Amino acid sequence: MLIPCPWCGDREDIEFKYGGSAQVAYPADPASVDDATWARFVFFHPNPKGKMPERWVHIAGCRRWFNLVRDTVTHEITPP
Amino acid sequence: MSRLASGGRIDRSRPLSFRFNGTPYRGYAGDTLASALLANDVGVVAKSVTYGRPRGIFTAGVEEPNALVQVGNETMVRATQLELVEGLDAIGLNGRGRLATEPDGNRYDKFHSHCEVLVIGGGRAGITAALNAAQTGDRVILVDEQAELGGRLLGAGWTDWLADSVAKLESAPNVRLLTRATAFGHYDQNLVLIAQQLPTGGRLWQVRAKRVVLATGAHERPVIFANNDRPGIMLAGAARTYVNRYGVAPGKRAVIFTNNDSTDAVAAALKRAGITVEALVDVRAGEAVVDTLADKFPSPSGGGQGGGLYGVLIAPLTGNRPLHEIQCDLLCVSGGFNPTLHLFSQAQGRLRYEEGLACFVPDAAPPNVEVVGAAAGDLGGRGQGAIMPYWVVPSDGQEWSNHYVDLERDVTVADVRRALGAGMRSVEHVKRFTTIGTGSDQGKTAGINETAIIAAQLGQPVGAVGVTTFRPPYVPVPFGLMAGRNRGDLFDPIRVTAIHPWHVARGAVFENVGQWKRPWYFPRAGEDMDSAVFRECRAAREGVAVMDASTLGKIDIQGPDATEFLNRIYTNAFDKLKVGSCRYGLMCKADGMVFDDGVVMHLEPDRWHATTTTGGAAAVLDWMEEWLQTEWPDLKVRLTSVTDHWADVAVVGPRSRDVVRALFPGLDLSPENFPFMAIRNGETAGIPVRLHRITFSGELAYELWTPSWYGLALWETVMAAGQPFGITPYGTETMHVLRAEKGYIICGQETDGTVTPQDLGMSWIVSKKKAFIGQRSHRRTDAIRPDRKQLVGLLPVDGDQLLPEGAQLVLQPNGAAPRKMVGHVTSSYRSATLGRTFALAMLQSGRERLGSTVYAPLNGHVVQATVTEPIFYDKENLRRDS
């Protein structure tokens, strides 16, 4: 799979590390949320069949984090 | 001899000697082992895998299911693809190959390449596509599995066109030709893996192409009838290839059995070669070969063993089927052609059954993939003409158990019928039930026939049954090729410290810690590991000892917001730590579980060094960068890995101050002016050194950091200065014993991603005044359960018994399994200091069980242990702070 790094261009997937869903926001004030809300942030991540906004980092390249949308069925990648 | 007097592309001026099954034979350059064996009248090449039936040469290429041989350590080599070389020594497989007993001695490497157009297949269609692409100036790679380009044309008559086209391609500067190279995997976005054979091994090409042109041709398939596996039975096109390309007559008296027009050219070729065509049996004319007869006596085609082809039985397709027999030693079979769409399917292309052609053809192509020639269903070049789909010839009173569908796997029509009888319906299930297509040939001559049999049995159209999924690799690929040069010392990077040569010279025993080689212990003459570690521990506790701690992960943290950054990363606070001081820090993941630990050093107002565990350095840096970039981009902080920049010499023990004083006479080393966790700068023997009072042993200790270039010099200087004090080098095992006696954890040993700081009894390091990663999780219901596993010490009641690390703990010594497991041993050693064994463990409600007894049921015996505080030595830290 080729992954388009916004800084370096298309690179082989082995140069990247996966960062999971891009749709799980870090709670603004973790101390004020209840157990269930916090648990949803820590443990519950979407796993759709189809288009999925994801975080990636070009770990063996420029080491920058970025978002993209990957189709989990076809591996088609589109901008976030 | 069956070598023709003339003809073929073999070089008759270059005769070659070779051996097969120990017997010497002669062939020519340009032969394959298969053509040379046919020329020498060797009909039986191998025995089949399950039934041990004699098998001969069935094809002239990659699809060969029968003629498998062993050459040296290489097993399951296809005789039809094995180029004859002087001195070749091959053995026909007796069912199975023999696993290599020696490492693969071939040399393999890997090439990465990019091009605009990759053409796979060097036959007429592929050469044409490459010529067209080359005219645009694009970078073109043309790859073909054979030693020379031409594909099927090598066995036909297009020699002038071929020579002219190959010359054009060879002279084009933008075209690269790869021969003896098989594209075996076609992945996302046109990444194609190609295995190329070289005289001394092979090369793995990883080609990324803008566009792939698949000119992979078509494989002929047989019609299935009783005893269709005898030596002497051959695909019709292969017989023509042996005549035209290799100048070999594969028989003397031939029968041709067909359902299409391609065999017209075969018959003509056989006749030109002086082979008598006894009959042309055509299902379109209403008759078929029903069964074959074996030669009962040693014969040329039976290779002196019998079992070769003696004759065929022919009958009409309908009616009361009077049989008639024709004697022959060659039966040429054609059931039509299957476009070679393995790579197309691997790349997610879809197939469609084409009734008129009686084969599967490309339907929806994946992006930037094009199929041309026979692979695209253009079977005109094969002369298939009007075909009558026909798959299996029934024979009266037979159990279908000698109608072979997959010759390599010895699977028959009876097996397919049995699979369907057992309820299988999907072609994928039938494949797994029968093993059709699971041989090293991947069922290239079997797959579509399997589909047709299933379709007939279930009364479904062939297209509805479909084919099994094609998966890489298209041909068997040696593991050595996959590994390339990443073998032995090059398998993984080996990291060594600046001081490593000294350790090697002193006979250290090493252990791998991540990619690092670390001294494990330094045995003296006659010492085993236990006695060496005892001696090293005594030196550290009673005198002075020294360890190479250079492998510690080190991260340089700079910026005006560095203090705030550290406060958010670590569970404890750093805002009050003065320049010139260190502090131990612990970090958690968002789930509140301990992730890593290390000492953090405040060097300048905006500059820090954080140390990490040896194995965790890269992960910690990644973790810090992730938070900086994704959640805290407003923080002005920069991170740099400096692990390899510094050597770290740890001088440990009650006499360590004497050694350091000798090295740095100008420094005030009094405990008041250089206390625990302080940093000083000094110089010794011209070597700049940063001194830290840090301990991982619980003893008075100094860690001396110097730029790596000075590492070995500093170590040798320390050894010289320490010599009067009996300074003793020690390794990681002694380090472990010393730290465990003090109850110091190792992240990854005591912790496993399910352990909170509170579980470790380290609430003291968890700030309540500031926010840090994972803080919220420490208030979760699950994190404050009273029955969580907690860190405790264990003292085996018998102080000679050593608990194995990983041992599970239970509360009762006896009882029926399964007993409730309440904890596990994380660290366990023999202690010179304590004069006994001891251990650390994670135990449910551990702190409530202090003083109680737990049991570790082991293989055949039970170890009884008392639960203690997880600190066994100098609880008051008097030695550390002295």
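Excluded from the calculations below are hydrogen atoms, water molecules and symmetry mates; all remaining heavy atoms, backbone and side chain alike, are included. Chain letters run A, B, ... following the sequence lines, proteins first, then strands; residues in each count from 1. The model shown is predicted, which means the values in this text are computed figures rather than measured ones.
Contacts between A:Val57 and chain B at a heavy-atom distance below 4.5 Å are absent for every atom of the residue. The part of A:Phe43 that comes within reach of chain B is its side chain, from C-beta onward, which places non-hydrogen atoms under 4.5 angstrom from that chain.
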Distance-only criterion, 3.5 Å: which donor-acceptor pairs connect chain B and chain A?
{"from": "B:Gln189", "atom 1": "OE1", "to": "A:Leu2", "atom 2": "N", "distance (Å)": "2.7"}
{"from": "B:Arg208", "atom 1": "NE", "to": "A:Glu12", "atom 2": "OE2", "distance (Å)": "3.4"}
{"from": "B:Arg208", "atom 1": "NH2", "to": "A:Glu12", "atom 2": "OE1", "distance (Å)": "2.7"}
{"from": "B:Arg208", "atom 1": "NH2", "to": "A:Glu12", "atom 2": "OE2", "distance (Å)": "2.9"}
{"from": "B:Asp622", "atom 1": "OD1", "to": "A:Arg63", "atom 2": "NH2", "distance (Å)": "2.5"}
{"from": "B:Glu625", "atom 1": "OE1", "to": "A:Arg63", "atom 2": "NE", "distance (Å)": "3.0"}
{"from": "B:Glu625", "atom 1": "OE1", "to": "A:Arg63", "atom 2": "NH2", "distance (Å)": "3.3"}
{"from": "B:Glu626", "atom 1": "OE2", "to": "A:Arg55", "atom 2": "NH2", "distance (Å)": "2.6"}
{"from": "B:Gln629", "atom 1": "OE1", "to": "A:Trp65", "atom 2": "N", "distance (Å)": "2.7"}
{"from": "B:Gln629", "atom 1": "NE2", "to": "A:Arg63", "atom 2": "O", "distance (Å)": "2.8"}
{"from": "B:Arg776", "atom 1": "NE", "to": "A:Pro30", "atom 2": "O", "distance (Å)": "3.4"}
{"from": "B:Arg776", "atom 1": "NE", "to": "A:Val33", "atom 2": "O", "distance (Å)": "3.0"}
{"from": "B:Arg776", "atom 1": "NH1", "to": "A:Asp35", "atom 2": "OD1", "distance (Å)": "3.2"}
{"from": "B:Arg776", "atom 1": "NH2", "to": "A:Val33", "atom 2": "O", "distance (Å)": "3.0"}
{"from": "B:Arg776", "atom 1": "NH2", "to": "A:Asp35", "atom 2": "OD1", "distance (Å)": "2.7"}
{"from": "B:Ser777", "atom 1": "OG", "to": "A:Trp38", "atom 2": "NE1", "distance (Å)": "2.7"}
{"from": "B:Arg779", "atom 1": "NH2", "to": "A:Ala31", "atom 2": "O", "distance (Å)": "2.8"}
{"from": "B:Thr781", "atom 1": "N", "to": "A:Asp35", "atom 2": "OD2", "distance (Å)": "3.3"}
{"from": "B:Thr781", "atom 1": "OG1", "to": "A:Asp35", "atom 2": "OD2", "distance (Å)": "3.0"}

